[in-house]
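Remarks on the structure that follows.
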Amino acid sequence: MNAAYSSVVSVSIEGRTTHEQLTHTYESHIERHGSSPSLQQLFETARDAASSDQDRAVISWLETAIAKESGRDSDSDDEAPSTPPHHYLISHLKEHHDEHHKAKNGIFISPIFFPSEESYGNFIKTLSNAKKSLDICVFTITDNDTANAVIQAHERGVRVRIISDDDKAEDLGADVKRFARDNDIPTRVDGSPSHMHHKFAIIDDALVMTGSYNWTKGARYQNREDLCLTNSTKAVRAFKDEFEKLWDLFEEFQL
């Protein structure tokens, strides 16, 4: 499972591995304080969990090395997110074994591929993890399971906005019009001979999910498709700017 796409899975206290104990400690800190622990607190927790003096020495060395690297990385072209949503950060930490999901400055990019029900499950869980906002800009939406996840986000108080293609909104089984008609979700289309062909979503103004994947059953079950999730500040800002530009441009075509 690509854990960067999935919600945090709770584990029982009994029979926990060291890794599970550390993850539980991290989650408990967030529940108590409403924010992620500092790096220093994380390293202290790791040292407390270490089983030997040698392990504790290695952890201390790593803490010092990271502190030095952080100073060198201050001029990076991309910015580490200042307050990453903790439910994604925890999941990302669980992928520590996968070097492709690591980034020295806290930025990650996590790809998944279709057709795959595991990938689809991770995709849906990512939508379900939205807490504040969900800006969707997708060529066509016809998968009712996906549409229902969007509606559920709206019903639990997430600010949802949708941009789609006017021609595809007329397709048999298209969900775009019912978002506006039945659920009062702000929805706009392009109203032009050309296509609004984007396929991306911005979650909580902190994550971007983008790729070839249309939100259809054909993409889910048949096509070779891809999606990437990233918390890159540059990517989030660029996609957010594009969304707002199109949202204003299509104001007269609100459904």
Side-chain angles (χ1 to χ4, degrees), residues 1-9 19 23 26 36 73 76-131 133-143 145-147 149-150 153 158 162-164 195-243:
M1 176 184 289
N2 188 329
Y5 278 82
S6 63
S7 58
V8 177
V9 179
H19 180 240
T23 301
Y26 188 96
S36 302
D73 292 341
S76 171
D77 289 339
D78 211 339
E79 306 167 24
S82 57
T83 54
H86 65 262
H87 41 285
Y88 296 103
L89 182 56
I90 295 168
S91 296
H92 180 56
L93 288 174
K94 289 179 179 178
E95 286 291 293
H96 65 98
H97 61 282
D98 189 342
E99 292 297 329
H100 292 293
H101 296 160
K102 282 186 177 180
K104 61 186 177 183
N105 55 3
I107 296 164
F108 65 85
I109 180 167
S110 298
I112 56 174
F113 301 94
F114 297 85
S116 163
E117 275 302 283
E118 181 181 20
S119 291
Y120 183 75
N122 289 329
F123 162 69
I124 286 294
K125 287 174 184 176
T126 298
L127 295 181
S128 299
N129 272 335
K131 304 298 181 185
S133 63
L134 185 56
D135 290 329
I136 298 166
C137 188
V138 174
F139 178 54
T140 179
I141 304 174
T142 61
D143 187 333
D145 292 335
T146 300
V150 173
V158 175
I162 297 170
I163 296 174
S164 192
H195 287 306
M196 200 306 297
H197 208 242
H198 284 307
K199 298 126 182 149
F200 69 84
I202 306 160
I203 302 153
D204 294 337
D205 289 342
L207 294 134
V208 167
M209 184 163 52
T210 186
S212 69
Y213 186 78
N214 273 309
W215 295 13
T216 68
K217 291 215 171 159
R220 174 179 172 183
Y221 290 117
Q222 299 171 358
N223 300 346
R224 297 295 175 182
E225 306 278 2
D226 65 86
L227 271 178
C228 283
L229 178 76
T230 182
N231 66 343
S232 161
T233 305
K234 288 175 68 176
V236 171
R237 186 184 302 124
F239 278 96
K240 183 71 173 178
D241 288 348
E242 177 67 8
F243 185 94

Flag, side chain of [X] to backbone of [Y], donor-acceptor distance under 3.5 Å:
{"X": "Ser119", "Y": "Phe113", "answer": "yes"}
{"X": "Thr230", "Y": "Phe108", "answer": "yes"}
{"X": "Ser164", "Y": "Phe139", "answer": "yes"}

Pairwise distance [atom1]([X]) to [atom2]([Y]) - rounded to 0.5 angstrom:
{"X": "Leu134", "Y": "Ile203", "atom1": "CG", "atom2": "CD1", "result": "6.5 Å"}
{"X": "Ile202", "Y": "Arg237", "atom1": "CD1", "atom2": "CZ", "result": "12.5 Å"}
{"X": "Ser212", "Y": "Asp226", "atom1": "OG", "atom2": "CG", "result": "4.0 Å"}
{"X": "Leu207", "Y": "Thr126", "atom1": "CG", "atom2": "OG1", "result": "8.5 Å"}
{"X": "Arg224", "Y": "Ser116", "atom1": "CZ", "atom2": "OG", "result": "10.0 Å"}
{"X": "Cys137", "Y": "Ile162", "atom1": "SG", "atom2": "CD1", "result": "10.5 Å"}

What is the minimum heavy-atom distance between [X] and [Y], and which atoms define it?
{"X": "Thr142", "Y": "Lys217", "answer": "OG1-N, 4.2 Å"}
{"X": "Thr210", "Y": "Lys199", "answer": "OG1-O, 3.3 Å"}
{"X": "Ile124", "Y": "Ala149", "answer": "CD1-CB, 3.9 Å"}

Worked check of side-chain contact (heavy atoms from CB on, under 4.5 Å) between Arg220 and Trp215: CA-CA 8 Å; Arg220 174 179 172 183; Trp215 295 13; over 6 Å; no
Candidate pair Asp135 and Asp205, rule side-chain contact (heavy atoms from CB on, under 4.5 Å), full reasoning: CA-CA 9 Å; Asp135 290 329; Asp205 289 342; 4.3 Å; yes
Partners meeting ring pair (Phe, Tyr, Trp, His ring centres under 6.0 Å) with Phe200 (sequence neighbours left out): His198, Phe239
Test ring pair (Phe, Tyr, Trp, His ring centres under 6.0 Å) applied to Tyr120 - qualifying residues, sequence neighbours left out: Phe123
Side chain to side chain donor-acceptor pair (under 3.5 Å) against Ser133, all qualifying residues, sequence neighbours excluded: none
Can you find a pair of side-chain heavy atoms, one from [X] and one from [Y], that are under 4.5 Å apart?
{"X": "Asp204", "Y": "Asn129", "answer": "no"}
{"X": "Asn231", "Y": "Val236", "answer": "no"}
{"X": "Ile136", "Y": "Ile163", "answer": "no"}
{"X": "Ile107", "Y": "Lys234", "answer": "no"}
{"X": "Glu117", "Y": "Tyr221", "answer": "yes"}

Check against side-chain contact (heavy atoms from CB on, under 4.5 Å), Tyr213 and Ile112: CA-CA 10 Å; Tyr213 186 78; Ile112 56 174; over 6 Å; no
Residues Leu127, Met209; criterion side-chain contact (heavy atoms from CB on, under 4.5 Å); working and verdict: CA-CA 10 Å; Leu127 295 181; Met209 184 163 52; 3.7 Å; yes
